[in-house]
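Here you go, one structure.
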Amino acid sequence: MLLATFKNTANVTAAPQAIKPVKTVPLGQFAAQQTRYIATHFPGRMVGTAAESHAADYLKQQFTQMGYPSHLRSFNASYLYTNKDASEDWFSTRVTSVIAAKKGIQAQQIIIVAHFDTYTPRSSNELDNGLGGLTLQGVDDNASGVGVMLELAKQMKDIPTNYNLRFIATSGEELNSLGARNYLKHMTQEERNNTLLVINLDNLITGDRLYFHSGRNTPPEIANISRDRALDIAHNHGIAAAINPGNKKHPKGTGCCSDQDVFDDAKIPVMAVEATNWSLGEKDGYQQVAISPQFPQGITWHRPQYDNLHYLDSHLPGRIDKRSRDSVQILLPLLKELAQAQPAIEIREARKEKIRVQPKRQSSSADSRLSD
């Protein structure tokens, strides 16, 4: 049923003249501005910190100003910390994610996810080596993904869609995807069944090129109209994009190690977007760029001295603006196709027909939860 619902999505096109136009602003500009703002004003967005809480409030405010029903979801959690003497302690913390929703005609939904927390050191050794901490701006990891998600939300807010959209800014990704796991835990079975695709955005700046991955459990038909379609759009725009060529741990076209894994393990179709270089190092996607004096380890994530605006602007000039633009150029038309964006008049007529045929139909749980 799921595949039948999604089957002809790529062939659906909207009539531009019937859709309320978005203000003419260069694509990616809003995403880049949001990336810079989040990195500058909320460094050290570790789980349970004031910076995480303030960032969550800011993101909720952004969604609300766009006109989306949105709310914060907070919950208690704990994580294991390893001391220098190899002893371990459990630390209790509070995790806060942000959820915004756009209602379509049908109960089916597409979820767009990006984590906004920065790396939380989980050992004395990591702390001594300067991983994470209060000064980490987390531009690449992952203000960039949040910035692109916010622009997608802004661009889509006035466009009627056949399917529901949910935008989730998760926290706790750096602690075994606590926010994503909590979200999945609260999904009813009906919502899981009605989730056509989860799109995860993580680390979009530093890496040499954009990659689009499907999950191990994503049906080939859905990978074709999501991951493969994204590559087609990228190539049409002359944007360097690829898929993982494949290795022992990660089959060709799949990725790992971010919030999408939670949904993939639950057999929900996913598409993950990242910027890295799967041809370097261990060829597992961890090394983002070639080793050089500017990038001695070939990576920036989790490292305050590299993953900040000043360093990235100095050593990858123009990259933040370009990658933000490239990401939106690919993902916006793809999201319109997948959500089956339609002219407003068609949406209204479809709703009238639905009411006429099923006058006593009760809203499904997937519908009702979108107004949470």
Side-chain angles (χ1 to χ4, degrees), residues 9 12-35 37-38 55-73 97-114 116 143-170 183 194-201 204 233 271 273 324-325 327-351 366-372:
T9 297
V12 175
T13 57
Q17 68 278 9
I19 296 176
K20 183 179 179 180
V22 177
K23 289 184 179 179
T24 304
V25 175
L27 287 182
Q29 180 174 298
F30 184 75
Q33 290 172 344
Q34 289 292 332
T35 296
Y37 188 92
I38 293 167
D57 287 338
Y58 171 77
L59 294 173
K60 181 181 183 299
Q61 179 188 62
Q62 291 300 297
F63 284 121
T64 300
Q65 288 178 350
M66 293 177 195
Y68 287 97
S70 60
H71 68 276
L72 302 178
R73 177 177 291 174
S97 296
V98 187
I99 303 169
K102 174 181 173 62
K103 194 166 180 61
I105 295 178
Q106 306 297 329
Q108 289 83 9
Q109 65 177 354
I110 297 170
I111 300 175
I112 300 91
V113 179
F116 69 93
S144 63
V146 178
V148 169
M149 179 178 68
L150 286 173
E151 174 151 348
L152 292 175
K154 185 178 180 68
Q155 295 280 355
M156 293 295 297
K157 67 185 180 69
D158 294 322
I159 300 178
T161 57
N162 196 37
Y163 302 131
N164 301 310
L165 296 179
R166 274 191 182 248
F167 298 93
I168 309 173
T170 61
Y183 186 84
N194 281 334
T195 301
L196 301 174
L197 185 71
V198 174
I199 300 174
N200 188 62
L201 311 173
L204 302 180
I233 296 171
M271 183 185 78
V273 188
S324 298
R325 180 176 64 253
S327 298
V328 176
Q329 276 190 310
I330 298 167
L331 292 169
L332 181 58
L334 178 66
L335 186 57
K336 289 179 180 179
E337 290 181 4
L338 295 175
Q340 294 192 354
Q342 298 181 27
I345 189 170
E346 291 184 15
I347 290 287
R348 288 196 297 270
E349 291 303 316
R351 283 178 175 151
D367 289 329
S368 62
R369 287 174 68 89
L370 283 170
S371 60
D372 287 348

*Spacing of CG belonging to L59 relative to CD1 belonging to I168, to within rounding of 0.5 Å*: 13.0 Å

*State, to 0.1 Å, how close A31 and V328 come at their nearest heavy-atom pair, and which atoms those are.*
CB-CG2, 4.3 Å

_Backbone of A107 reached by a side-chain donor or acceptor of N164 within 3.5 Å_ =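 Yes; judged by distance alone, with no hydrogens or angles, the pair exists.
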
*Report the C-alpha separation of F63 and V98 in whole Å, then their side-chain angles, then the decisive distance to 0.1 Å, and conclude whether the side-chain contact (heavy atoms from CB on, under 4.5 Å) test is met.*
CA-CA 9 Å; F63 284 121; V98 187; 4.0 Å; yes

*Please report the shortest heavy-atom distance between A100 and Y68, naming the atom on each side.*
CB-CB, 4.0 Å

*Show the numbers, then the answer: is there a side-chain contact (heavy atoms from CB on, under 4.5 Å) between L331 and L201?*
CA-CA 10 Å; L331 292 169; L201 311 173; 3.6 Å; yes

*Rounded to the nearest 0.5 Å, what separation is found between the CD atom of Q62 and the NZ atom of K154?*
8.5 Å

*Can any side-chain N or O of K102 pair as donor or acceptor with the backbone N or O of I159 at less than 3.5 Å?*
yes

*asked:* Applying side-chain contact (heavy atoms from CB on, under 4.5 Å) to I111 and T195, what does each step give before you reach the verdict?
replied: CA-CA 7 Å; I111 300 175; T195 301; 3.9 Å; yes

*Can you name the nearest heavy-atom pair linking V148 to S327, along with the distance?*
CG2-CB, 3.9 Å

*Write down the atom of F167, the atom of A153, and the distance for their closest heavy-atom approach.*
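So the two residues come closest at CZ-CA, 3.6 Å.
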
*CD/Q155 to CG/L335 distance, rounded to the nearest 0.5 angstrom?*
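Q155 atom CD to L335 atom CG measures 10.5 Å (nearest 0.5 Å).
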
_Is a donor from one side chain sitting under 3.5 angstrom from an acceptor on the other, for Q106 and Q340?_
no

*Run the numbers on L196 and Y163 for side-chain contact (heavy atoms from CB on, under 4.5 Å), then give the verdict.*
CA-CA 9 Å; L196 301 174; Y163 302 131; 3.6 Å; yes

*What distance do N194 atom CG and I110 atom CD1 have between them, rounded to the nearest 0.5 Å?*
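So the gap between those two atoms works out to 12.0 Å.
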
*Which value, rounded to the nearest 0.5 Å, describes the distance between K103 atom NZ and R166 atom CZ?*
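The NZ atom of K103 sits 10.0 Å away from the CZ atom of R166.
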
*asked:* Testing the basics here: between A339 and L165, what is the closest heavy-atom pair and its distance to 0.1 Å?
replied: CB-CD2, 3.9 Å

_Verdict with supporting geometry, S70 and T64, side-chain hydrogen bond (donor to acceptor under 3.5 Å, both in side chains)_ = CA-CA 6 Å; S70 60; T64 300; 3.0 Å; yes

_Nearest-0.5 Å distance, CD of residue Q33 to CG of residue L150_ =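 Here the interatomic distance stands at 11.5 Å.
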
*Describe, in one word, how the ring planes of Y58 and Y37 are oriented to each other, choosing from parallel (under 30°), tilted (30 to 60°) and perpendicular (over 60°).*
parallel

_E151 side-chain N/O to G28 backbone N/O, donor-acceptor pair under 3.5 Å_ =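 Present.
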
_Non-hydrogen atoms of R325 and L27 that approach each other most closely_ = CG-O, 3.3 Å

